[in-house]
Student: 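The structure that follows is given in the form of structure tokens.
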Amino acid sequence: HLNVCIESIFVTVEAGHWKLNGFEHVFKSADITKDFLQKSRPFRNKVSIDPHESDGTGLEQFAFATLCETVISRNDKIPYAEDFLTYCQTHLKHKNPSMRPLLSAVLLHNFFNHDFIVIHSFLAELPLKSQQAKVEFFKSLTGKLKQFDENIIGSQLSDLLLSRLVLLEQSAQCHLLPTLLKPQTILEDDEETSSDEFIFTTPAFMKYIVPKLKKVFCVLDIQIRLILLEHFHLYVNTFTREELADEILPQLLLGIKDTN
């Protein structure tokens with residue numbers, strides 16, 4: 001790909017997934033010559049062009065490093081961001097293109113292996129995991145999630161945390177759902193509420209989790225419904241009166257009237 005840059009990235013509206021685009025710039029390595037690269041320069045992102053290019057060696061690494069420098073700030077709170085940007089400058093932009101690491105090797109960097117990435121990958125690949133791995137994962141998940149801002153968790157992980165596979169997983173029901181489905185509340189008898197009892201404050205819960213719960217209540221599955229009702233008393237007050245009357249109650253009545 002001769003034009004890896006921000007213009008070649010397509011971001012989905014709903015989930016915000018990044019996808020590589022601009023495949024009119026993709027050619028076989030054997031077809032890339034110095035003359036070809038020279039003629040293609042006007043059609044490529046100027047900032048992403050390697051000044052030392054002579055053939056296709058290391059072009060993608062240089063362009064990818066430039067892309068990362070565009071979208072990542074050293075001041076970001078992303079773990080290992082500063083170290084990774086130094087890695088981009090030192091290795092991916094090495095003056096000798098043949099000394100640049102393979103892009104597959106870049107994935108070994110800590111920037112792509114911190115807790116948030118590992119959590120996201122595990123949840124996305126849950127059916128492939130062993131039962132023992134699932135138990136260990138969900139036992140420690142709440143504690144790991146507390147490392148991150150609740151808005152990041154809500155915007156990036158809420159779909160996965162409330163997926164059918166997670167809701168039906170016994171270890172998740174035991175270790176995750178009691179805190180995931182319990183927004184922070186101020187108890188009259190206690191001056192403080194233990195932070196171990198919740199993942200989301202009430203405003204964040206209403207913003208990220210309530211819209212997901214309204215969709216899950218529409219799933220006509222007795223196991224899913226019973227799980228939602230088991231914790232219903234914890235989050236019922238986060239719905240508006242209108243939402244309860246117009247969306248939740250009709251679903252509950254439907255379940256009550258059905259034999260299964």
Student: Taking everything shown except K214 itself, do over 12 heavy atoms lie less than 6.0 Å from its NZ?
Tutor: yes
Student: When you compare the side chain of E53 with that of P97, does any pair of heavy atoms fall below 4.5 Å?
Tutor: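 No, their side chains stay 4.5 Å or more apart.
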Student: Check whether any side-chain heavy atom of L229 lies under 4.5 Å from a side-chain heavy atom of L252, and answer yes or no.
Tutor: yes
Student: Given side chains that start at C-beta, do those of K129 and F122 come closer than 4.5 Å, heavy atoms only?
Tutor: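 The answer is yes, as the side chains (C-beta and beyond) meet within the 4.5 Å cut-off.
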Student: Relative to each other, are the rings of Y208 and F200 parallel, tilted or perpendicular (30° and 60° limits)?
Tutor: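 Ring orientation, 0 to 90° scale: tilted.
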Student: Please report the C-alpha distance between V219 and L167 in whole Å, then the side-chain angles of each, then the deciding distance to 0.1 Å, and finally whether the side chain to side chain contact (heavy atoms under 4.5 Å, CB included) criterion is met.
Tutor: CA-CA 12 Å; V219 176; L167 291 175; over 6 Å; no
Student: Rounded at 0.5 Å granularity, tell me how far CG in N113 sits from NE2 in H109.
Tutor: 9.5 Å
Student: Flag yes if more than 12 heavy atoms outside F36 fall under 6.0 Å of its CZ atom; otherwise flag no.
Tutor: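 Enclosed: over 12 neighbouring heavy atoms sit under 6.0 Å from CZ of F36.
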Student: Less than 4.5 Å apart, side chain to side chain, heavy atoms only: is that true for F217 and R225?
Tutor: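 With C-beta onward as the side chain, the pair touches.
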Student: Just so I know, are the side chains of T66 and K93 near enough to count as touching, which here means a heavy-atom distance under 4.5 Å?
Tutor: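 Side-chain contact under 4.5 Å: yes.
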Student: Please check: side-chain N/O of E60 versus main-chain N/O of L103, any donor-acceptor pairing under 3.5 Å?
Tutor: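 No; zero donor-acceptor contacts below 3.5 Å.
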Student: Out of curiosity, I248 CD1 to E242 CD, how far, rounded to the nearest 0.5 Å?
Tutor: 12.5 Å
Student: By the definition side chain to side chain contact (heavy atoms under 4.5 Å, CB included), identify the one residue from L141, L157, I153 that meets it with I199.
Tutor: I153
Student: Answer yes or no: are there more than 12 heavy-atom neighbours, outside F23 itself, under 6.0 Å from its atom CZ?
Tutor: yes
Student: Are the side chains of L37 and L59 in contact, using a 4.5 Å heavy-atom criterion?
Tutor: yes
Student: Would you kindly say whether T33 and D35 are connected by a side-chain donor-acceptor distance under 3.5 Å?
Tutor: no
Student: Using side-chain heavy atoms (C-beta onward) and a distance below 4.5 Å, is H175 in contact with T142?
Tutor: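 Side chain of H175 against side chain of T142, heavy atoms only: no contact under 4.5 Å found.
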Student: Given side chain to side chain contact (heavy atoms under 4.5 Å, CB included), test Y80 with H114 step by step and report yes or no.
Tutor: CA-CA 8 Å; Y80 306 105; H114 58 76; 4.0 Å; yes
Student: Could you pull out the closest heavy-atom pair between F205 and L180, with the gap in Å?
Tutor: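 Taking F205 first and L180 second, the nearest heavy atoms are CE1-O, 3.3 Å.
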Student: Report yes or no: does S155 contribute a side-chain atom to a donor-acceptor pair with the main-chain N or O of N151 at less than 3.5 Å?
Tutor: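 Checked: pair present.
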Student: Nearest 0.5 angstrom please: E69 CD to I72 CD1, how far?
Tutor: 9.0 Å
Student: Measure the CD1-CG distance between I227 and L162 for me, rounded to the nearest 0.5 Å.
Tutor: 11.0 Å
Student: What is the distance from atom NE2 of H94 to atom NE2 of H52, rounded to the nearest 0.5 Å?
Tutor: 10.0 Å
Student: Identify the two heavy atoms, one from L102 and one from Q61, that lie closest to each other, and give their separation to 0.1 Å.
Tutor: CA-NE2, 4.0 Å
Student: If only side-chain N and O atoms count, and only distance matters, is there a donor-acceptor pair under 3.5 Å linking E136 with Q132?
Tutor: yes
Student: What's the verdict on side chain to side chain contact (heavy atoms under 4.5 Å, CB included) for S171 and K139, showing C-alpha distance, side-chain angles and the deciding distance?
Tutor: CA-CA 7 Å; S171 56; K139 273 186 177 181; over 6 Å; no
Student: Between the side chains of E169 and Q131, does any donor sit under 3.5 Å from an acceptor?
Tutor: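 E169 vs Q131: donor-acceptor pair found between side chains.
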Student: Tell me whether F64 is reachable from I117 by hopping between hydrophobic residues (I, L, V, M, F, W, Y) whose side-chain heavy atoms are closer than 4.5 Å.
Tutor: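 No.
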Student: Before you tell me yes or no, could you show the steps for F111 and Y87 under ring-ring contact (aromatic ring centres under 6.0 Å, His included), namely the whole-Å CA-CA distance, both residues' side-chain angles and the distance that decides it to 0.1 Å?
Tutor: CA-CA 10 Å; F111 183 75; Y87 175 88; over 10 Å; no
Student: According to a 4.5 Å side-chain heavy-atom criterion applied to Ile, Leu, Val, Met, Phe, Trp and Tyr, with indirect links allowed, do V71 and F84 form part of one hydrophobic cluster?
Tutor: yes
Student: Under the side chain to side chain contact (heavy atoms under 4.5 Å, CB included) criterion, do Y235 and I209 qualify, and how do the steps go?
Tutor: CA-CA 10 Å; Y235 60 82; I209 303 302; over 6 Å; no
Student: Is L67 reachable from V11 through a run of I, L, V, M, F, W or Y residues, each pair having side-chain heavy atoms under 4.5 Å apart?
Tutor: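 Yes, same cluster.
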Student: Answer yes or no: is there a donor N or O on one side and an acceptor on the other, between the side chain of T12 and the main chain of H17, under 3.5 Å?
Tutor: yes
Student: Assigning hydrophobic clusters by single linkage (Ile, Leu, Val, Met, Phe, Trp, Tyr; side-chain heavy-atom cutoff under 4.5 Å), is L145 placed with L177?
Tutor: yes
Student: Which heavy-atom pair separates I49 from F62 by the least distance, and what is that distance?
Tutor: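 So the two residues come closest at O-CE2, 3.5 Å.
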Student: Grab the two heavy atoms, one from L234 and one from P183, that are nearest each other, plus how far apart they are.
Tutor: O-CD, 3.6 Å
Student: So F198 and T179, do their side chains get closer than 4.5 Å, heavy atoms only?
Tutor: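 They are not in contact (no side-chain heavy atoms under 4.5 Å apart), so the answer is no.
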Student: Measure the spacing between CZ of F116 and CD of Q147 and express it to the nearest 0.5 Å.
Tutor: 11.0 Å
Student: Can you name the nearest heavy-atom pair linking S48 to C5, along with the distance?
Tutor: OG-CB, 3.5 Å
Student: Of R100, R41, R44, which meets salt bridge (Lys or Arg N to Asp or Glu O under 4.0 Å) against D50?
Tutor: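 Checked R100, R41, R44 against D50; only one passes salt bridge (Lys or Arg N to Asp or Glu O under 4.0 Å): R100.
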Student: What are the two closest non-hydrogen atoms of A81 and S73, and how far apart are they?
Tutor: CB-O, 4.1 Å
Student: Are L85 and L107 grouped together when hydrophobic residues (ILVMFWY) are joined by side-chain heavy atoms under 4.5 angstrom apart?
Tutor: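 Yes; tracing contacts between hydrophobic side chains, which count when under 4.5 Å, links both residues.
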Student: Indicate yes or no for a side-chain donor-acceptor contact from H1 to the backbone of N21 under 3.5 Å, with no hydrogens or angles considered.
Tutor: yes
